[in-house]
Amino acid sequence: MERSEQVRLLHNMMRVRRMEELCAELYTQEKIRGFLHLYSGEEAVVTGVMSLLKPRDNVMATYRDHAHALLKGVSARVILAEMYGKAEGCCQGRGGSMHLISEKDRFYGGNAIVAAGIPQAVGLALASKRLHEDRHTVCFFGEGAMAEGVFHEAMNMASLWKIPILFCCENNFYAMGTALDRSQAQTNLLKKAEAHNVETASADGMSVLDVLEKTNQALNFVKDKGQPFFLECKTYRFRSHSMFDPDLYRKKVEINKWKERDPIESFKKYLMDEHLIIQSDVLHLEKKVEDEMQDAMEFAERGTLAPVEELEKNLYENDL
Amino acid sequence: MERSEQVRLLHNMMRVRRMEELCAELYTQEKIRGFLHLYSGEEAVVTGVMSLLKPRDNVMATYRDHAHALLKGVSARVILAEMYGKAEGCCQGRGGSMHLISEKDRFYGGNAIVAAGIPQAVGLALASKRLHEDRHTVCFFGEGAMAEGVFHEAMNMASLWKIPILFCCENNFYAMGTALDRSQAQTNLLKKAEAHNVETASADGMSVLDVLEKTNQALNFVKDKGQPFFLECKTYRFRSHSMFDPDLYRKKVEINKWKERDPIESFKKYLMDEHLIIQSDVLHLEKKVEDEMQDAMEFAERGTLAPVEELEKNLYENDL
Amino acid sequence: MKMTYREALKEGLKTALENDPRVFLIGEDIGAYGGTYAVTKDFLKIYGPEKIMDAPLSEAGFTGIALGAAIGGLRPVVEIMTVNFSLLALDQIINSAAIYRHMSAGQISVPLIIRMTTGGGRQLAAQHSNSFEGWLAHIPGIKILTPGTVEDARSSLHFALKENDPVLIFEHALLLNRSEEVGEKPLLLNPFKALVRKSGDALTVITYGGMLPKCLEAAGESEKVEVIDLRSLRPLDDETIFNSIKKTHRALIVDEGWRSGSLSAEMSARIMENSFYDLDAPVERLCRKEIPVPYARHLEEAAIPGVEDIKNKIQEMLS
Amino acid sequence: MKMTYREALKEGLKTALENDPRVFLIGEDIGAYGGTYAVTKDFLKIYGPEKIMDAPLSEAGFTGIALGAAIGGLRPVVEIMTVNFSLLALDQIINSAAIYRHMSAGQISVPLIIRMTTGGGRQLAAQHSNSFEGWLAHIPGIKILTPGTVEDARSSLHFALKENDPVLIFEHALLLNRSEEVGEKPLLLNPFKALVRKSGDALTVITYGGMLPKCLEAAGESEKVEVIDLRSLRPLDDETIFNSIKKTHRALIVDEGWRSGSLSAEMSARIMENSFYDLDAPVERLCRKEIPVPYARHLEEAAIPGVEDIKNKIQEMLS
Ligand SMILES: Cc1ncc(C[n+]2csc(CCOP(=O)(O)OP(=O)(O)O)c2C)c(N)n1
Ligand SMILES: Cc1ncc(C[n+]2csc(CCOP(=O)(O)OP(=O)(O)O)c2C)c(N)n1
Ligand SMILES: [Mg+2]
Ligand SMILES: [Mg+2]
């Protein structure tokens with residue numbers, strides 16, 4: 001891999017992290033409201049996967065969606081403006097944190113009903129296949145979503161009908177406060193995909209390079225065979241489930257153990273060890289990230305409120 | 001196995017078959033209306049499983065439920081009366097063919113929403129476990145039901161919470177007109193149970209002795225380990241899905257191939273070959289079955305109509 | 001020429017499949033089986049498995065897939081076999097399909113069509129006999145068509161395909177075998193307008209779907225009774241109703257659904273809000289008894305309004 | 001003493017768990033997490049995993065399991081985290097729980113209790129802010145409680161457990177932190193009776209749940225405004241309403257749900273049917289705007305009736 005590409009991976013992970021930490025601050029300042037689910041700790045997953053996607057590809061994510069929106073090409077400006085509830089946000093303030101949608105970036109959300117996006121992503125992939133469009137479709141979800149029946153329904157049909165889609169499970173071992181082994185009898189998640197004859201692999205979700213490599217193989221499979229693929233990425237969220245969550249259910253030692261494997265720090269160290277970057281490169285990236293996020297925040301601050309008169313607009317294409 | 005027990009198996013299969021064939025006649029005479037799903041061809045499954053159950057055990061079935069009701073102890077009289085829509089039926093004519101329910105026989109139906117009964121049966125088993133009642137719970141469903149999400153949800157929880165229940169899949173290879181391999185990507189059904197860490201076995205659903213043996217092992221496992229078990233019985237329905245169905249989707253040769261393995265004829269032959277019964281025994285059984293069904297039919301014919309004034313009764317325990 | 005409601009649905013589906021390459025059908029047993037109510041008989045042979053997708057028993061899943069395909073540029077037409085099974089797919093319909101356009105500030109269009117068989121009257125008992133169309137009309141973001149005539153059954157899909165939003169079409173099982181005299185070509189009457197099916201001057205009977213023929217039969221030749229067919233339950237065309245009541249000063253709503261909190265309630269409330277001073281008497285409602293529908297024929301008949309019940313009610317209101 | 005709505009719910013649950021060995025709670029994150037809204041905080045430690053069952057993300061599945069357990073002799077209390085997720089479980093509730101007693105001619109009892117958090121007002125946007133309680137009141141076979149006061153929150157479970165039929169309890173998220181002066185012991189007021197929360201002589205305001213405090217605030221000290229709290233949406237206690245209207249001759253229904261085909265429509269229709277000649281003016285309704293609730297605060301506030309909206313409407317109707 002090119003050095004520039006590796007630096008880009010680091011940069012993107014840093015962007016994701018910084019945006020999330022900024023959101024946390026803005027939430028305590030009550031600039032952002034509602035539910036807020038942060039992605040800190042899981043950056044390697046989204047970064048590794050997205051680095052292989054093009055603007056023309058389809059992505060479906062969950063309520064924990066800031067990172068996915070950002071790396072799919074939605075600017076930090078419109079993301080933050082959305083969370084501020086401003087008219088300049090990608091959904092003009094109607095969606096908020098859990099519902100980032102940007103059709104022009106083929107980023108389809110942002111769905112706050114766990115697992116509901118999974119069949120919908122299969123449908124997007126079906127449309128691309130039928131319309132002979134050259135695009136990938138990637139669907140992200142947590143391991144918790146795999147307990148929902150509709151996960152299985154969607155996997156079965158994707159497999160049965162040979163629909164080219166990459167299912168990317170962000171296995172962070174918790175669904176809110178419920179640990180995987182307290183909610184699923186079979187903790188080997190690959191078995192659930194195999195139950196529908198879907199090809200699988202598991203990646204180290206704390207290593208951006210491993211995620212990237214496994215994603216590459218997976219996408220090639222999807223493209224060559226025209227069939228779905230299930231990729232599990234084992235990762236961990238460093239923060240609580242949402243800003244509402246007192247995080248009573250995880251042991252400090254467990255959290256710390258995972259934090260030692262911080263995907264950004266470890267990748268940074270790797271790049272330095274390999275002499276691909278030096279400290280000043282890191283500082284440079286940090287500055288760039290900071291500038292981007294400050295600019296985004298100012299943009300959101302400056303934003304306007306969507307007029308209340310338009311509240312009932314867009315319920316239908318032709319307003320009644 | 002005792003001879004008398006073997007004869008009882010034959011007798012029960014014959015009862016099931018005769019009742020179904022009688023229903024078909026009564027349907028063409030418009031004595032029975034609505035949807036009517038017959039079980040002819042699958043007798044070995046219900047007979048093998050039920051022969052090991054006691055009145056105190058719980059059974060949940062589907063809309064294809066006459067056989068299950070009969071062998072769980074509901075009399076042919078009240079079953080037929082129910083299908084006639086008479087007040088003497090087990091549901092006083094409110095349920096009909098698809099909704100036979102007899103609480104005193106711990107036969108919980110009779111559910112015409114495919115797969116809806118599966119979690120409910122898990123709940124029945126949970127109650128028995130918590131209340132320290134000494135009973136088995138058996139849940140019957142078709143292979144088509146395994147595509148419904150709630151099947152997976154229920155399997156996962158039964159396994160996770162170690163709920164003692166026997167899942168009995170009547171795999172007749174079709175869900176209405178849709179063949180298994182046209183609706184499920186993974187046709188090895190055991191894999192779907194394994195996806196939830198549930199113990200499994202597969203039985204020859206055309207052989208009552210094989211079903212009985214596998215059921216015996218399964219029930220012992222359930223009882224000893226206090227865990228669920230998934231038993232697949234491969235079988236075939238000799239008739240169309242329901243009396244509405246023109247059966248356009250199955251080849252004659254396929255149907256005939258399975259009919260050659262008629263569970264009643266083959267078991268009869270086996271008993272004769274082993275000199276356990278002779279032709280006159282069969283005639284005697286036929287007579288007994290015929291008498292039972294004629295009596296039931298006459299009972300249903302004589303039955304009365306539930307008074308219309310009571311139409312709104314029983315919506316709540318204390319009518320409003 | 002004569003055409004049945006079933007043939008009309010068939011024609012609508014064929015026209016859609018033949019005129020728009022983006023259209024495909026998806027649902028349980030629409031292909032090899034030929035459709036539970038034989039509406040799509042032979043379609044699989046004619047159009048092939050890409051256009052006629054036999055789905056597994058996965059109502060939420062295939063509705064969700066169709067939803068995604070609609071966003072992705074196709075024009076899926078879902079068949080949910082019986083209205084009761086739609087409960088399994090309501091999350092996809094209400095929590096997703098109905099909100100995407102508004103929540104995304106107009107970015108996302110969901111041209112998703114869902115057809116389902118509705119209604120009682122065939123002794124199918126409590127789990128196959130509901131009339132949920134009026135209840136679902138509560139949900140903003142979807143449109144609801146309830147063709148009550150062969151002509152409307154013929155064109156509902158045509159109009160649904162013109163929408164870029166989710167449209168649910170409820171086809172009443174008891175109408176399938178009804179036949180009507182129709183022209184060579186469909187008339188294509190805008191389905192979002194209510195129609196006065198029979199005029200009269202002393203009582204407005206408001207109805208739709210499976211109850212329409214019953215109301216027309218009950219009204220008979222009476223010059224007093226006006227019968228209005230709503231045709232669309234969302235949006236509701238109240239203008240036509242209010243205008244009629246200006247003339248008749250009395251209204252009866254006949255709705256196959258349960259009474260409480262139903263479409264009949266909405267209609268009644270709107271009439272009060274808009275036509276209070278036109279009314280000579282309170283608006284009345286005739287609905288299904290508030291119980292699960294029983295199997296036995298005499299009980300089912302007692303539970304669902306029949307022609308006699310409607311006649312009696314009309315008589316009562318006119319005297 | 002002072003007690004919050006949350007504490008009242010907690011007390012109700014604890015009392016149930018301690019007094020009836022058949023009672024257990026099941027739902028997502030009620031245990032280790034402590035309940036999304038902290039209602040069941042510490043319960044897992046106190047009562048153990050058999051009584052406090054943390055369920056996987058499987059709303060249909062665990063509702064179905066609870067249903068079966070209820071038939072089998074236990075007294076499950078399901079928690080569905082947010083009303084929107086109940087759509088995933090509606091098949092179990094409507095196609096099974098609501099019909100079993102009637103369809104089995106009284107053989108099967110389903111003493112299933114389902115609690116859920118309802119309502120908007122917390123900027124949670126379109127998929128977490130609905131008010132489906134009025135819509136679900138359409139379904140016969142279930143009962144629906146909507147405690148709008150701390151006292152009612154305290155006793156709703158007590159009464160639900162006395163029923164041998166499915167009871168849905170809707171707890172409004174915005175009420176959780178409200179506190180009221182209450183006595184040592186719960187008053188245990190029959191929840192199926194509506195209550196006049198404030199009397200007045202010129203306008204009856206009918207409401208329930210999260211809108212109750214708003215209506216009371218809007219009514220203020222006015223001697224003209226009577227405020228009635230429905231408390232139960234199924235059954236509906238219309239007698240109390242009709243009696244009030246005999247006095248006031250005017251009525252306004254304030255309902256957080258969408259307007260069309262809602263509980264507000266039902267209430268309005270019933271008033272017309274029963275009190276038509278008592279009315280001096282048409283019954284009016286104040287409801288949520290018919291759109292998915294937007295995230296931005298100013299838009300959400302514009303979508304859901306607030307105290308000012310209610311005040312204005314009252315003023316308008318009184319002048
Ligand atoms: C259908 C549904 N049920 C429950 C919830 C509440 N909820 C939101 S996130 C969540 C946990 C999801 O866990 P997982 O899928 O592992 O994703 P993660 O949050 O770990 O990324 C739950 C229970 C929901 N949003 N939707
Ligand atoms: C939720 C639901 N969807 C669809 C149907 C219509 N339907 C009734 S039986 C059936 C096929 C079920 O097949 P299977 O589970 O294999 O059972 P079998 O009839 O073969 O015994 C279908 C699609 C239904 N009753 N419920
Ligand atoms: Mg997780
Ligand atoms: Mg089958």
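Below, chain A is the first sequence line, B the second, and so on; all start at residue 1.
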Handout entry: Contact winner vs chain D - C:Met267, C:Arg285, C:Glu284, heavy-atom pairs under 4.5 Å
Key = C:Arg285

Fill in the blank from the handout: Rounded to the nearest 0.5 Å, the CG atom of C:Leu87 sits from the CG atom of D:Leu90 at a distance of 6.0 Å

Problem - Which portion of C:Leu263 sits near chain D, non-hydrogen atoms under 4.5 angstrom - result: neither

Handout entry: Which portion of C:Leu279 sits near chain D, non-hydrogen atoms under 4.5 angstrom
Key = both

Completion exercise
Sorted by chain and number, sequence neighbours left out, side-chain contact (heavy atoms from CB on, under 4.5 Å) with D:Pro191 holds for D:Leu145, D:Phe159, D:Arg231

Practice task
Report yes if the side chains of D:Pro140 and C:Lys289 come closer than 4.5 Å at any heavy-atom pair, otherwise no.
Solution key: no

Exercise for the section: Considering only heavy atoms and a distance below 4.5 Å, find which of C:Ile139, C:Asn130, C:Leu236, C:Leu233 pairs most often with chain D. Expected result: C:Ile139

Practice task
Enumerate by number any residue of residues 99-107 of chain D whose heavy atoms lie under 4.5 Å from heavy atoms of chain C; in the absence of such residues, state 'none'.
Solution key: D:Ile99, D:His102, D:Met103

Practice task
Please identify each residue that fulfils side-chain contact (heavy atoms from CB on, under 4.5 Å) with D:Ser260, with sequence neighbours left out.
Solution key: C:Arg234, C:Glu266, C:Arg270, D:Glu290

Handout entry: Nearest non-hydrogen partners of C:Phe276 and D:Phe276, listed with the distance
Key = CE1-CE1, 4.0 Å

Fill in the blank from the handout: Within residues 202-211 of chain C, the residues sitting under 4.5 Å from chain D by heavy atom, in sequence order, are none

Handout entry: Portion of D:Ala60 that has a non-hydrogen atom of chain C nearer than 4.5 angstrom
Key = neither

Practice task
Quick one: which of D:Val283, D:Ile271, D:Val293 has the most heavy-atom pairs under 4.5 Å with chain C, could you say?
Solution key: D:Val283

Problem - Contacting moiety of C:Tyr277, where chain D heavy atoms sit under 4.5 Å - result: side chain

Practice task
Could you tell me whether the side chain of C:Asp91 and the main chain of D:Phe85 form a donor-acceptor pair under 3.5 Å?
Solution key: no

Exercise for the section: For chain C, find which of D:Ala265, D:Pro282, D:Pro292, D:Gly261 contributes the most heavy-atom pairs closer than 4.5 angstrom. Expected result: D:Pro282

Handout entry: Side-chain (C:Trp258) to main-chain (D:His138) donor-acceptor, under 3.5 angstrom
Key = no

Completion exercise
Ranked by heavy-atom pairs below 4.5 Å to chain D, first place among C:Gln92, C:Gln127, C:Glu273 goes to C:Glu273

